[in-house]
Number of protein chains: 2
Amino acid sequence: MSARILVVEDEAAIREMLCFVLNQQGFDVVQAQDYQSAVACLTEPYPDLILLDWMFPGGNGIGLAKEIKRNDYSKEIPIIMLTARGEEEDKVRGLEVGADDYITKPFSPKELIARIKAVLRRANPTCLADEIEIQGLKLDPVSHRVSLGGEQLNMGPTEFKLLHFFMTHTERVFSREQLLDQVWGTNVYVEDRTVDVHIRRLRKAITGLGHEKFVQTVRGSGYRFSIRV
Amino acid sequence: MSARILVVEDEAAIREMLCFVLNQQGFDVVQAQDYQSAVACLTEPYPDLILLDWMFPGGNGIGLAKEIKRNDYSKEIPIIMLTARGEEEDKVRGLEVGADDYITKPFSPKELIARIKAVLRRANPTCLADEIEIQGLKLDPVSHRVSLGGEQLNMGPTEFKLLHFFMTHTERVFSREQLLDQVWGTNVYVEDRTVDVHIRRLRKAITGLGHEKFVQTVRGSGYRFSIRV
DNA sequence: AGTAATTATGACAATAATATGACAATAATA
DNA sequence: TATTATTGTCATATTATTGTCATAATTACT
């Protein structure tokens, strides 16, 4: 049950960028480019969050925000406003009207995602809980648990992160360097070969009915998580 | 073997956005936020493409573009300029200096990727991470897999590279020397005849329903990958 | 057919890459 | 503070891959 996000933004390039980023993060995205189509999206299934451009044709953002907050069915939906840089007063007015947060254009994807998650966590934590399952191997980021055919699996935090990354990025080779960046985080000085060791630990941890085969070595390139053995 | 892209952009938010999108597409991304660090990135391993902001501190974009095109080692690297909207003259000047294309901010990820791929396809198709299929023979650089009619094929890294090169450069003879340059890399001292051996290994690996026939010997010249048997 | 040049092939040792087990250092937890 | 779990690194074992050779097979030419 991943979160459904309504993006209201008239400029196509920015809208596409927003949708791209949100999609990559696993959100369900609905787009609207004007007042009318935005209002049309306020029905079942309701979005869990609205990303709202301050200025857009067919009614300004604040107008739409007011409309949303007036309506009983939609007033609980959190709103994040998109404002142009430096327009401080807009932010203030936006928050007054009931926006839960705001983001300044241009925005970094990291910031965007962080703010969205923060708002969702406050408003509706369940829609962030996205359990991943691949052939009986279940990973639940919320409870921070991994199970295989109902059986709980034990592994260290690093193995968990590694598995989480793999399960959300299957069928793709990653070099040790990339894995270090993605799983350990940038600016971390760790030996390349250390990845090997954690790969082994992960394999050992998920060894069940051949599930360790999912973690595959690609000689000369790195590792891959693949269902196709 | 996926393309390495150097992003030169001072504004952190935009830079992060570019990197995010490019990373998702499987490119190797290197960042630079000023003239100095950009120049520092112009060494081994050279980027396959440079995304260059027109205006950035410590020297403008055109200055850096000129510098890149002046240097023998870097002048073959294609450049895509990032310009602010509406600055038509910038685009013209950029193209005059040797930029291969330009993108207007704000940009849609689709457009960005399309233009990058177009430029790379012209300059160096091997580093495009697109899946290639030729008569049931599939090579996917992203997952680093080769299959023939759905069946996985096994081969060593060198054979993989060789096949990748061939599949992106079909219907053309290459001398052993050329293959060594392109597949093994320059400055590698390897016997000419070694190519023969790898050709054999490649043929053996892709032997299916006569697919080994694609790898053809051109007596006295070298080898060719051709669909026409 | 005979010959020289060229390519194909199998075998092999050298090399490079990965797997693994052990260990001390560190961080987390009781 | 004591105890336990986790981490990163090393040394070593295990594989896979590489490049080269010797020899067989093929081709082109006389």
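Scope of the values below: all heavy atoms of this structure, side chains included, with no hydrogens, waters or symmetry mates. Lettering follows sequence order; numbering is per chain, from 1.
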SB check B/Arg176 B/Glu191 (cutoff 4.0 Å): no
Closer than 4.0 Å, any side-chain N/O of A/Arg193 to the OP1 or OP2 of C/dT18? yes
In this structure, CD1 of B/Ile116 is separated from CD1 of B/Ile5 (nearest 0.5 Å) by 4.0 Å
Between CZ of A/Arg176 and P of C/dA17 the distance, given in whole Å, is 9 Å
Which letters describe nucleotides 21-30 of chain C, given B = protein heavy atom under 4.0 Å from base, S = only from sugar-phosphate, - = neither? BB--------
Whole-Å distance, A/Asp192 CG to C/dT18 P, equals 10 Å
Atom CD of B/Glu159 and atom P of D/dG19: how far apart are they, to the nearest Å? 9 Å
Rounded to whole angstroms, how far apart are CD1 on A/Ile199 and P on D/dT7? 14 Å
Option passing side-chain contact (heavy atoms from CB on, under 4.5 Å) with A/Ser147 (candidates A/Glu131, A/Glu133, A/Lys138): A/Lys138
How long is the line joining CZ of B/Phe160 and P of D/dA16, in whole Å? 19 Å
Heavy-atom contacts under 4.0 Å between residues 210-228 of chain A and DNA chain C, which residues? A/Thr217, A/Val218, A/Arg219, A/Gly220, A/Tyr223
So, is A/Trp184 close to the D/dT7 phosphate, meaning a side-chain N or O under 4.0 Å from OP1 or OP2? no
Return the value, rounded to whole Å, for the distance between atom CD of A/Glu191 and atom C1' of D/dA11. 14 Å
Please pick, from D/dT20, D/dT9, D/dT18, the nucleotide with the shortest atom-to-atom distance to any side-chain atom of A/Val190. D/dT9
I'd like to know whether A/Glu9 forms a salt bridge (charged side-chain N to carboxylate O under 4.0 Å, His left out) with A/Lys105, so could you lay out the CA-CA distance, the side-chain angles of the two residues, the decisive distance to 0.1 Å, and finally the verdict. CA-CA 12 Å; A/Glu9 160 72 60; A/Lys105 291 193 262 189; 3.3 Å; yes
Taking atom P of C/dA17 as reference, at what distance in whole Å does atom CG of A/Asp196 sit? 12 Å
Between A/Arg115 and A/Asp101, is the closest basic N to carboxylate O distance under 4.0 Å? yes
Step through it carefully: locate the ring centre of A/Phe174, locate the ring centre of A/Phe165, and say whether they are under 6.0 Å apart. yes
Using the test side chain to side chain donor-acceptor pair (under 3.5 Å), find all partners of B/Asn23 that sit at least two apart in sequence or belong to another chain. none
Could you check whether B/Arg15 pairs with B/Asp10 (Lys NZ or Arg NE/NH1/NH2 to Asp/Glu carboxylate O, under 4.0 Å)? no
Whether B/Phe20 and A/Phe20 hold their rings parallel, tilted or perpendicular, with breakpoints at 30° and 60°: perpendicular
Which stems does DNA chain C form, counting runs of 3 or more consecutive Watson-Crick or G-U wobble pairs with both distances under 3.5 Å? C:1-30 with D:1-30
Only pairs under 3.5 Å count here: list side-chain donor-acceptor contacts from residues 151-160 of chain B, not counting sequence neighbours, and write none if there are none.
residue	atom	partner	partner atom	Å
B/Gln152	OE1	B/Arg145	NE	3.2
B/Glu159	OE1	B/Gly156	N	3.4
B/Glu159	OE2	B/His198	ND1	2.4

Could you tell me the separation between the CE atom of B/Met155 and the P atom of D/dT18, rounded to a whole number of Å? 12 Å
List the residues meeting side chain to side chain contact (heavy atoms under 4.5 Å, CB included) with B/Val142, not counting sequence neighbours, and say none if there are none. A/Arg172, B/Ala129, B/Asp140
